[in-house]
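Worksheet: one structure, shown below.
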Amino acid sequence: MLHRHARAACAALATAGALMLTALPGAAAAAEPAPPATPSAAASLGADRPAPEVLAAMERDLGLTTAQAKQRLVNEAEAGARAGHLQSTLGADFAGAWVGGTVAGTLTVATTDPADASAIRAAGADARVVRHSLDRLDAAKEALDRAASRASARKAAAPVTRDVPVWYVDVRTNTVVVEAVKRSAAERLLAGAGVDRSLIRVEATSERPRPLYDIRGGDAYYMGGGGRCSVGFAVTRGTQQGFATAGHCGRVGTSTSGYNQVAQGTFQASTFPGRDTAWVAANSNWRSTPYVKGQAGQNVQVTGSTQAMVGASICRSGSTTGWHCGTIQQHNTSVTYPEGTISGVTRTTVCAEPGDSGGSYISGSQAQGVTSGGSGDCRSGGTTFHQPINPLLQAYGLTLTTTTDPGDPGDPGDPGDPGEPGGTWAAGTVYSAGDQVTYGGATYRCIQGHQAQTGWEPPNVPALWQRL
């Protein structure tokens with residue numbers, strides 16, 4: 001998130017999220033009415049209907065034509081769904097997945113068991129056999145998080161985390177990468193974590209990320225004590241309307257005014273450091289809308305919160321630099337700012353500057369997260385980090401405000417005759433990959449994290465749910 005103080009502006013960047021996909025539906029008969037075809041991942045997640053603002057920014061920042069940008073979004077959505085199915089199938093052998101290529105969206109899935117390769121290739125993905133599972137890499141990264149927390153609590157150990165600004169699970173190299181300004185600081189952090197060194201790769205860096213201090217996503221808002229940040233995504237909590245943003249922008253009780261300097265609301269919850277999350281409850285003069293401010297101020301629809309995958313395209317909206325796009329580099333990253341370590345963020349190539357903090361990261365029409373910080377600027381480029389939106393929604397009991405245009409996943413259509421719905425599935429619940437629910441007498445496993453909404457019942461969205 002980016003927050004600008006009246007006297008001193010700090011530059012920083014934030015990032016955002018990943019895409020998911022499944023196979024396209026078969027064609028229906030033209031002459032006679034036919035039962036609705038199973039929707040593809042692209043259709044069910046809205047990737048085949050991108051907003052013009054998304055396409056324009058992808059053309060500018062990724063060097064694509066309009067046709068290439070459209071095809072990339074569809075391919076990434078389909079690849080994400082296939083990766084989700086394979087993760088469920090491979091279980092503990094799964095070692096991560098990513099997409100590559102300018103347009104084709106080639107999916108690569110890593111596994112620790114050579115016997116899995118044929119199943120991976122049969123699903124239309126390239127197989128890579130590696131040494132370490134994703135679970136093992138995640139566990140090592142969590143050990144580093146704990147060591148950094150202990151080091152930050154000891155005054156004499158402060159340089160350890162200050163000189164080791166970023167670490168993350170890199171599925172492409174099957175390692176946990178530790179970026180260090182000083183190698184000695186990285187060695188002290190690793191010793192404190194007690195991790196298997198075969199899992200770790202230390203890389204030199206000169207970057208020192210910091211928070212970007214400065215109800216439509218991307219619009220400016222101002223804090224009562226001074227400074228400016230950006231709205232992340234409009235949300236509701238029961239009948240209360242408001243928005244999600246970055247925790248470093250304000251503490252509980254901090255008052256806000258909107259982009260027009262009219263009184264707006266109050267911070268209800270805020271976490272920073274550790275996480276970089278917050279939400280603001282708006283007064284009765286403000287209404288949550290399912291949009292993010294796009295290119296030239298145009299509205300970009302938000303239809304859900306399915307997390308995009310590593311390598312996918314992503315765009316950011318902020319009140320300082322507006323609309324910019326890039327790609328997702330890594331999920332599950334930890335970054336150390338002067339104020340402390342933030343964990344669980346996503347690292348991207350999208351640029352940002354002070355005042356963009358808290359703003360929206362979106363892939364296609366899927367909300368990804370809120371801007372936290374980073375390094376660089378929108379003239380020379382840089383690395384940014386965003387706090388994923390689904391954990392934020394879950395932590396504070398919020399519901400993302402979305403649009404349900406005809407043909408979007410929010411249009412229930414024919415639910416495939418699921419019988420009496422019933423079951424444990426519930427709209428508004430944040431589901432993670434691997435969660436199981438019942439619906440219409442059947443059991444389903446979640447294959448891509450998202451917040452459930454009406455119209456996205458398990459039988460309707462095979463990109464998100466696998467029937468068991």
Side-chain angles (χ1 to χ4, degrees), residues 18-27 37-45 47 71-140 169-176 196 198-199 201 306-312 327-332 431-436 442-450 458-459 461-468:
L19 288 174
M20 41 210 116
L21 316 163
T22 57
L24 292 170
T38 300
S40 68
S44 61
L45 299 179
Q71 190 61 53
R72 176 166 180 158
L73 289 172
V74 169
N75 290 343
E76 289 171 352
E78 301 296 339
R82 291 200 302 274
H85 281 289
L86 284 168
Q87 180 174 5
S88 177
T89 300
L90 301 180
D93 295 341
F94 181 74
W98 60 95
V99 289
T102 303
V103 177
T106 302
L107 172 64
T108 301
V109 175
T111 178
T112 58
D113 187 349
D116 295 331
S118 59
I120 293 172
R121 287 192 289 268
D126 291 340
R128 182 172 298 180
V129 179
V130 297
R131 183 177 178 184
H132 309 299
S133 69
L134 183 60
D135 286 344
R136 191 178 182 198
L137 293 173
D138 284 342
V169 172
D170 187 357
V171 294
R172 291 185 179 96
T173 62
N174 195 232
T175 58
V176 177
D196 182 346
S198 70
L199 301 168
R201 187 174 81 253
T306 305
Q307 187 184 53
M309 64 192 301
V310 170
T327 59
I328 295 169
Q329 300 301 292
Q330 288 89 22
H331 292 305
N332 192 19
Y431 292 107
S432 301
D435 289 347
Q436 292 190 18
T443 301
Y444 295 84
R445 178 187 293 119
C446 178
I447 59 174
Q448 294 190 92
H450 65 286
V461 197
L464 302 179
W465 294 100
Q466 177 182 24
R467 183 166 178 166
L468 301 180

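Any value given below was found using the heavy atoms of this structure, including those in side chains, with hydrogens, waters and symmetry copies removed.
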Subject >> Point-to-point distance, once rounded to the nearest 0.5 Å, from CZ of R82 to CG of L107 >> reply: 5.5 Å
Original post:
What are the two closest non-hydrogen atoms of V109 and A97, and how far apart are they?
Top reply: CG2-CB, 4.1 Å
Subject >> Distance, nearest 0.5 Å, that separates OH of Y444 from CD of Q436 >> reply: 12.5 Å
Subject >> Polar contact flag, side-chain donor to acceptor under 3.5 angstrom, S133-D135 >> reply: no
Original post:
Side chain of N75, backbone of V103: donor and acceptor closer than 3.5 Å?
Top reply: yes
Original post:
Do I447 and Q87 touch side chain to side chain, with heavy atoms closer than 4.5 Å?
Top reply: no
Original post:
R72 side chain to T102 main-chain N or O, any donor-acceptor pair under 3.5 Å?
Top reply: yes
Subject >> Side chains of L90 and D113 in contact at under 4.5 Å (non-hydrogen atoms) >> reply: no
Subject >> R128 side, atom CZ; R172 side, atom CZ - distance, nearest 0.5 Å >> reply: 9.5 Å
Original post:
What pair of heavy atoms forms the shortest contact from A140 to V176, and how long is it?
Top reply: CB-CG2, 4.2 Å
**OP:** Mind listing the closest non-hydrogen atom pair of A79 and V99 along with its distance?
**Re:** CB-CG1, 3.6 Å
Original post:
Roughly how far, to the nearest 0.5 Å, is CG of D126 from OG1 of T108?
Top reply: 4.5 Å
**OP:** Drop me the distance from T112's OG1 to L134's CG, to the nearest 0.5 angstrom.
**Re:** 10.5 Å
Original post:
Do F94 and D116 come close enough that some side-chain heavy atom pair is under 4.5 Å?
Top reply: no
Original post:
Of the non-hydrogen atoms in A110 and W98, which two are nearest, and what is the gap between them?
Top reply: CB-CZ3, 4.1 Å
Original post:
Any sub-3.5 Å donor-acceptor pair from N174's side-chain atoms to H132's backbone N or O?
Top reply: yes
Subject >> Rounded distance (nearest 0.5 Å) linking atom CG of L199 with atom CZ of R131 >> reply: 7.5 Å
Original post:
When you look at H331 and V310, which way does the side chain to side chain contact (heavy atoms under 4.5 Å, CB included) test go after all the steps?
Top reply: CA-CA 7 Å; H331 292 305; V310 170; 3.9 Å; yes
Original post:
According to the interplanar angle, ranging from 0 to 90°, do the rings of Y431 and H450 count as parallel (below 30°), tilted (30 to 60°) or perpendicular (above 60°)?
Top reply: tilted
**OP:** Find out whether L45 and L464 are in side-chain contact, i.e. whether some heavy atom of one side chain is under 4.5 Å from a heavy atom of the other.
**Re:** yes
